[in-house]
Amino acid sequence: MSVTPVLEADVLRRQDPELAEILLGELTRQSTTLQLVAAENFTSPAVLAALGSPLANKYAEGYPGARHHGGCEIVDVAERVAVDRAKALFGAEHANVQSHSGSSAVLAAYAALLRPGDTVLALGLPYGGHLTHGSPANFSGRWFDFVGYGVDAETGLIDHEQVRALARTHRPKAIVCGSIAYPRHIDYAFFREVADEVGAYLIADAAHPIGLVAGGAAPNPVPYADVVCATTHKVLRGPRGGMLLCGSELAERVDRAVFPFTQGGAQMNTIAAKAVAFGEAATPGFTAYAHQVVANARVLAAGLAAEGLIVTTGGTDTHLITVDPMPLGVDGRTARGRLAAAGVVLDCCALPHGEARGLRLGTAAVTTQGMGEVEMARIGVLLAGVLREKVESRKARDEVRDLVGGFPPYPG
Ligand SMILES: *Cc1c(COP(=O)(O)O)cnc(C)c1O
């Protein structure tokens, strides 16, 4: 099976050259620039094959054995395999693999446990909370009463004493732990203890670290949280989508919260691709990958610190790094622009201290490409050179092309 079955089958090129051009252009962009967006990865050819399969044609509202459409006997098997693999991979009693995205998985977790107007305690957005953790622009901020905890301004670490104090004061119905930018392991046992003390549910939004959990490189929230929500497309390296994990006692509530509460028909091609990704994640190769992702992030963080950037929390336990580039004379926004001109793709993020924005980087994609510590050290020097404007952007672009050229994400 080829990497891009549709393109190589020539069907699209013949029928719709305009779109074929766009798809090939994106493949070229992904393989000729440096992918440091922390939420991205390169899925395998097998995952892409499942995504591009005729399962995309099948309507399948409901759950295996209880669908609202005929002809589901084959896709039912695909969903059962995905569920069983997810349960085994994460040691969960129940898994729901239907959520279309990480955000809709969070919505389903809230729908399973909460009523509109309930109080929820979550990491505040300025400290790395996700939109679904109470942003006024999101359903979460409009339908629930969110209280935000923060991180220590000095250390950048979650302020556990503040979490406990806010929980005691506000008596939330649920506590959410999980972040889009927190580079350290989350102490799930601590959050469980506080949730128990105030009679709250614990929801772990493990969208980012769930792939590290699969590879044994980060602590597993499943034994601690009432409901774990996650994405399947970040470090986990599956198709774009979401999932939920919980104990048997909440299984029915979680399933009903996904369908019919938050969505209709399941996307069976994506569910099959999730099953493929779970299968890949259960292999020794993926365990090695997950540990290499973290080793790479540590080297890159140390390299950036050596170049004078301020690394939040002083380092990382995960694939994520956030830095303040201000000591090099640029804020995050300007830095991102300069790096983009050099072919380095990454995001801005909020910083725990101060107003200016920082940069968020991740090593999931570059590690999939096969890069290791040597390349991470090289990237650290390259980034700092671009930010200091010591390397002009055309030369930097050449160096990026040279670097990524040795690690094609889809050889051939
Ligand atoms: C990525 C992420 C999500 C949302 O995932 P989408 O698939 O983009 O909706 C939710 N929560 C956290 C903590 C995330 O990092």
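Counting starts at 1 for both ligands and their atoms, following the listed order.
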Provide the full list of salt bridge (charged side-chain N to carboxylate O under 4.0 Å, His left out) pairs with a residue in residues 39-52, sequence neighbours left out, each pair given once. none
Assess, by modelled atom type and distance only, whether the side chains of Q292 and E373 contain a donor and an acceptor separated by less than 3.5 Å. yes
For ligand 1, list the protein residues that place a heavy atom within a distance below 4.0 Å of one of its atoms, sorted by chain and number. S101, G102, S103, H130, S179, I180, D205, A207, H208, T231, H233, K234
Listed once per pair and sorted, the ring-ring contact (aromatic ring centres under 6.0 Å, His included) pairs that draw on residues 224-248, sequence neighbours left out: none
Taking the six-membered ring for Trp, are F191 and Y149 ring centroids under 6.0 Å apart? yes
Inter- and intrachain pairs under side-chain hydrogen bond (donor to acceptor under 3.5 Å, both in side chains), touching residues 198-212, at least two apart: H133-D205, Y201-R253, H208-H319, H208-R360
Expected output: side-chain R298 to main-chain T316 donor-acceptor under 3.5 Å: yes
